[in-house]
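The figures that follow rest on heavy atoms only: side chains count, while hydrogens, waters and symmetry mates do not.
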Amino acid sequence: MHRIAALPLLLWAALQAAPAAAEITSARYLDPTTRYAHGVFGDTEEWGALRMRLSDGRALRVTLPDTHVFEDNSPRLIDVDGDGDAEVVVIETDIARGASLAVYDETGKIAATPHIGRTHRWLAPLGGADLDGDGSVELAYIDRPHLARVLRVWRFRDGALREVATLKGLTNHRLGDAEIGGGFRDCGQGPEIVTADADWRRVMAVRLENGHLSARSIGRYEGPESFTQALNCAN
């Protein structure tokens with residue numbers, strides 16, 4: 001996959017003048033919009049813009065075209081390229097082609113997965129880490145958590161995201177819930193992905209080893225607190 005050109009940006013500071021030492025320290029969505037009526041979080045609004053604050057005090061703003069929205073509850077700061085500075089991981093939806101997972105830095109969009117392929121199809125992010133110790137960061141999400149329920153893992157390397165493994169029968173979001181469940185944890189034996197099984201009966205811990213995903217049950221799912229306990233290594 002080639003490096004993706006940034007969508008039109010409305011910048012609060014000139015990117016060309018950005019000092020190398022400036023780092024992204026926070027990010028938030030702006031410009032609520034009703035131009036995409038999907039409502040996976042139980043409301044009618046998505047987001048039309050992203051603001052990133054840098055360590056030198058400047059703020060950068062990404063404004064999406066009318067054909068796109070951020071279909072997410074909050075951006076995630078993850079060091080995707082392993083350089084010690086955070087990038088911003090978002091869910092960016094094309095109104096006609098559905099959701100994708102995208103990565104932004106202070107220059108704009110640097111990588112993204114393909115859009116799912118049709119409107120009103122979504123993915124629920126889980127986070128990122130070097131899952132298999134190869135020195136590259138993997139990002140994970142559930143593809144269509146209310147329908148297909150497939151865990152997909154993508155590796156960021158050489159400026160692009162490439163899919164490395166999938167596993168069916170897992171989910172992390174119920175339609176209408178305000179929050180996305182699960183995430184990444186490391187309880188001393190390497191990073192794992194925490195999800196629920198497709199029937200919301202068990203909490204699952206998933207590992208990536210030798211290019212393959214394997215899942216094991218680590219407890220009953222009894223509500224969002226089950227995810228909290230798992231992420232805190234309580235089970």
Side-chain angles (χ1 to χ4, degrees), residues 4 24 26-29 36 38-43 46-47 50 52 62 64 68-81 86-94 97-105 109-117 120-131 136-156 160-186 191-196 198 203-208 213 215 224 227-228 230-231:
I4 294 178
I24 298 171
S26 66
R28 61 175 296 188
Y29 294 127
Y36 183 54
H38 192 191
V40 295
F41 296 114
D43 55 22
E46 308 301 344
W47 303 97
L50 169 71
M52 297 175 281
V62 177
L64 295 178
H68 282 223
V69 296
F70 292 116
E71 193 176 9
D72 200 357
N73 49 20
S74 63
R76 291 150 190 83
L77 298 187
I78 301 172
D79 181 9
V80 175
D81 58 10
E87 285 73 43
V88 182
V89 178
V90 301
I91 303 306
E92 184 173 330
T93 294
D94 181 303
R97 297 184 295 151
S100 73
L101 183 142
V103 181
Y104 281 82
D105 68 9
K109 184 160 65 173
I110 62 170
T113 65
H115 293 275
I116 288 176
H120 293 169
R121 294 295 180 267
W122 184 63
L123 57 89
L126 284 155
D130 182 0
L131 285 170
S136 295
V137 169
E138 284 80 35
L139 301 174
Y141 62 77
I142 300 294
D143 177 356
R144 291 160 292 170
H146 321 125
L147 296 171
R149 301 180 178 91
V150 177
L151 171 63
R152 297 188 182 274
V153 174
W154 295 72
R155 179 175 293 127
F156 184 85
L161 287 167
R162 296 177 176 85
E163 190 172 51
V164 295
T166 65
L167 186 62
K168 296 180 179 179
L170 301 170
T171 190
N172 64 335
H173 185 262
R174 283 178 162 139
L175 187 63
D177 282 358
E179 301 297 330
I180 300 169
F184 277 55
R185 74 175 191 176
D186 190 336
E192 298 178 308
I193 305 168
V194 175
T195 75
V203 179
M204 309 297 291
V206 184
R207 287 183 173 273
L208 175 67
L213 293 168
F227 283 144
T228 301
L231 294 172

Peer 1: At their closest point, which heavy atom of Asn73 faces which heavy atom of Ala178, and how far apart are they?
Peer 2: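 Closest approach of Asn73 to Ala178: ND2-O, 3.3 Å.
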Peer 1: Can you tell which of Lys109, Glu92, Met52 makes a side chain to side chain contact (heavy atoms under 4.5 Å, CB included) with Val62?
Peer 2: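 By the side chain to side chain contact (heavy atoms under 4.5 Å, CB included) criterion, Val62 pairs with just one of Lys109, Glu92, Met52: Met52.
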Peer 1: If we only count heavy atoms from C-beta on, is the Asp72 to Ile180 side-chain gap below 4.5 Å?
Peer 2: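 Answer yes - side chains close enough.
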Peer 1: With side chain to side chain contact (heavy atoms under 4.5 Å, CB included) as the test, pick out the partner of Val206 among Val194, Leu167, Leu131.
Peer 2: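 It is Leu167; the other options fail the test.
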Peer 1: Between Glu179 and Pro224, is there a side-chain heavy-atom distance shorter than 4.5 Å?
Peer 2: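 They are not in side-chain contact.
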Peer 1: Can you tell me how far CG of Leu123 sits from OG1 of Thr113, rounded to the nearest 0.5 angstrom?
Peer 2: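 Taking OG1 in Thr113 and CG in Leu123, the distance rounds to 6.0 Å.
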Peer 1: Where is the tightest heavy-atom contact between Pro191 and Ala129, given as atom of each residue plus distance?
Peer 2: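 Shortest heavy-atom contact: CB-CB, 4.4 Å.
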Peer 1: Of the non-hydrogen atoms in Phe156 and Ala111, which two are nearest, and what is the gap between them?
Peer 2: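 Of all heavy-atom pairs spanning Phe156 and Ala111, the closest is CE1-CB, 3.8 Å.
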Peer 1: Can you tell me how far apart CD (Glu71) and CD (Glu46) are? Round to the nearest 0.5 Å.
Peer 2: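 CD of Glu46 is found 4.5 Å from CD of Glu71.
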Peer 1: Please examine the side chains of Leu139 and Val103, heavy atoms only from C-beta on, and report whether any two atoms are closer than 4.5 Å.
Peer 2: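 With C-beta onward as the side chain, the pair touches.
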Peer 1: I need the single residue from Arg155, Arg152, Arg162 that forms a salt bridge (Lys or Arg N to Asp or Glu O under 4.0 Å) with Glu138. Which is it?
Peer 2: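 Going through the options one by one, the only one that passes is Arg155.
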Peer 1: Can you check whether His120 and Tyr36 have ring centres sitting under 6.0 Å from each other?
Peer 2: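 Centroid distance His120-Tyr36: below 6.0 Å, so yes.
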Peer 1: For residues Pro75 and Val90, report the shortest heavy-atom separation together with the two atoms involved.
Peer 2: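 In this case the closest contact between Pro75 and Val90 is CB-CG1, 4.2 Å.
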Peer 1: When rounded to the nearest 0.5 angstrom, what is the spacing between CG in Leu151 and OG1 in Thr166?
Peer 2: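 Reported value, rounded in 0.5 Å steps: 8.0 Å.
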Peer 1: Looking at every heavy atom in both Gly182 and Leu231, which two are closest together, and how far apart are they?
Peer 2: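 Heavy-atom minimum between the residues: O-CD1, 3.7 Å.
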Peer 1: To the nearest 0.5 angstrom, please state how far the NE2 atom of His68 sits from the OG1 atom of Thr93.
Peer 2: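 It comes to 9.0 Å.
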Peer 1: Taking Trp122 for its side chain and Val40 for its backbone only, find out whether a donor-acceptor pair lies under 3.5 Å.
Peer 2: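 No; judged by distance alone, with no hydrogens or angles, the pair does not exist.
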Peer 1: Do the non-hydrogen side-chain atoms of Lys168 and Arg149 ever get within less than 4.5 Å of each other?
Peer 2: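 With C-beta onward as the side chain, the pair stays apart.
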Peer 1: So, do His173 and Phe41 sit near enough that their side-chain heavy atoms are less than 4.5 Å apart?
Peer 2: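 Yes, close enough: below the 4.5 Å cut-off.
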Peer 1: A side-chain contact here means heavy atoms from C-beta on lying under 4.5 Å apart; do Leu50 and Tyr104 qualify?
Peer 2: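 A side-chain contact under 4.5 Å exists here.
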Peer 1: Does some side-chain heavy atom of Val88 sit less than 4.5 Å from a side-chain heavy atom of Leu77?
Peer 2: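 In short, these two side chains touch, coming nearer than 4.5 Å.
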Peer 1: Could you tell me whether the side chain of Glu87 and the main chain of Val80 form a donor-acceptor pair under 3.5 Å?
Peer 2: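 Yes, the answer is positive, given that a donor and an acceptor are paired below the 3.5 Å cut-off.
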Peer 1: What is the minimum heavy-atom distance between Gly128 and Ile78, and which atoms define it?
Peer 2: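 Taking Gly128 first and Ile78 second, the nearest heavy atoms are N-CD1, 3.7 Å.
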Peer 1: Return the set of residues passing side chain to side chain contact (heavy atoms under 4.5 Å, CB included) with Ala205 (not counting sequence neighbours), or none when no residue passes.
Peer 2: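 Listed in chain order: Arg185, Glu192, Arg216, Ile218.
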Peer 1: Backbone N or O of Pro145 within a donor-acceptor pair of the Thr171 side chain at under 3.5 Å?
Peer 2: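 Pair found, side chain donor or acceptor close to backbone of Pro145.
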Peer 1: Mind checking the CD1-CG spacing from Ile193 to Leu170? Nearest 0.5 Å is all I need.
Peer 2: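 The CG atom of Leu170 is 9.0 Å from CD1 of Ile193, to the nearest 0.5 Å.
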Peer 1: Once you round to the nearest 0.5 Å, how far does CZ of Phe184 lie from CG of Leu126?
Peer 2: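 The CZ atom of Phe184 sits 6.5 Å away from the CG atom of Leu126.
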